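Ligands are counted one by one from 1 in listed order, and the atoms in each one are counted from 1 as well. Remember, predicted model here, so these are calculated numbers, not experimental data.
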Amino acid sequence: MTAELIDGKAFAQQLRGRVADAASRFHKDAGRIPGLAVVLVGEDPASSVYVKSKGKACLEAGMKSIEHRLPDTTNQADLIALVEQLNADDHVDGILVQLPLPGQIDDKAVIAAIDPAKDVDGFHVVNAGRLAVGEDALVPCTPLGCLMLLKDRMGDLTGLDAVVIGRSNIVGKPMAQLLLAESCTVTIAHSRTKDLAAVVRRADIVVAAVGRPEMVKGDWIKPGAVVIDVGINRVDVGEGKTKLVGDVAFDEAAAIASAVTPVPGGVGPMTIAVLLRNTVVAARARLGLAKDASL
Ligand code: GUN
């Protein structure tokens, strides 16, 4: 392996430290601590684990965590009524409705009901639109975390060729917008892209968020490129055992890239750290306080 490992876990830990300091400054300015409400519908085990980690991270950063767990039979109107109650609650600065939602509920309708000023996931069309036109926005946590890792590693990204593999509203599209705002030349590729290998070979920056285990091969990577792997895929390794792999064939890519994020321990830990950061950013903005420069 020649590539350096990008240690997302360490970076996320530092960011969480800065968020804790910023939360304490907010407390001084506002007379209360920032609050994050997380709503989980149903009992999906993976979602349950995420929600628990979010609550714990919130408390560790000196913030208030409000958790609502609803049965998987909850109907859309009741969920939207809860969102509206949280919109109206002055002690709630951020609202996150854990996805996926059960089939009887339309994700889009629920996201649309969240006050854009409290939309710490950055999923509301108002925030997506603001990001696209270069206005202040709450930005989705995972792509913002990827950008932080890239800038920490590479400094100024101006003029670099970036390929984002994946076109989801949660990662691919906002990631492309963020890289464009950094003056990269951005290509959004996806599972249907013709000759994906050739497209990826042009890139100084590769962000893989396609959700297919080890799809991006080492010989697709331009020597010296920086590779950010957003994928978290559980695969069978025989004898009833499983392991987590990314969307990039890690060992192959690490032999060619200059730096690469591992799975686990790369992008994953950044998501919660950025969620906490977005909550403090939202809290300050809602109260008309100046931005906290440390975030
Ligand atoms: N489910 C998986 N990741 C996320 C996320 O970042 N936000 C929400 N709301 N749900 C998710």
Student check: side-chain heavy atoms of Val267 and Ile228 closer than 4.5 Å: yes

Which donor-acceptor pairs under 3.5 Å do the side chains of residues 38-50 make with protein atoms, sequence neighbours left out?
unit_1, atom_1, unit_2, atom_2, d
Asp44, OD2, Ser47, N, 3.0
Asp44, OD2, Ser47, OG, 2.9
Ser48, OG, Arg69, NH1, 3.1

Pairwise side-chain contact, Leu70 with Leu79, heavy-atom cut-off 4.5 Å (strictly under): yes

Which N or O atoms of ligand 1 sit under 3.5 Å from a protein N or O, and how far apart is each pair?
unit_1, atom_1, unit_2, atom_2, d
ligand 1, 1 (N), Gln98, NE2, 3.1
ligand 1, 1 (N), Leu99, O, 2.9
ligand 1, 7 (N), Asp121, OD1, 3.0
ligand 1, 7 (N), Asp121, OD2, 3.3
ligand 1, 9 (N), Val97, O, 2.8
ligand 1, 9 (N), Asp121, OD2, 2.6
ligand 1, 10 (N), Leu99, N, 3.0

All pairs passing side-chain hydrogen bond (donor to acceptor under 3.5 Å, both in side chains) where residues 22-31 contributes a residue, at least two apart: Arg25-Asp292, Arg25-Ser294, Asp29-Arg284

Sequence-distant partners of Arg130, side chain to side chain donor-acceptor pair (under 3.5 Å), two or more places apart: none

Val230 and Met175, any side-chain heavy atoms less than 4.5 Å apart: no

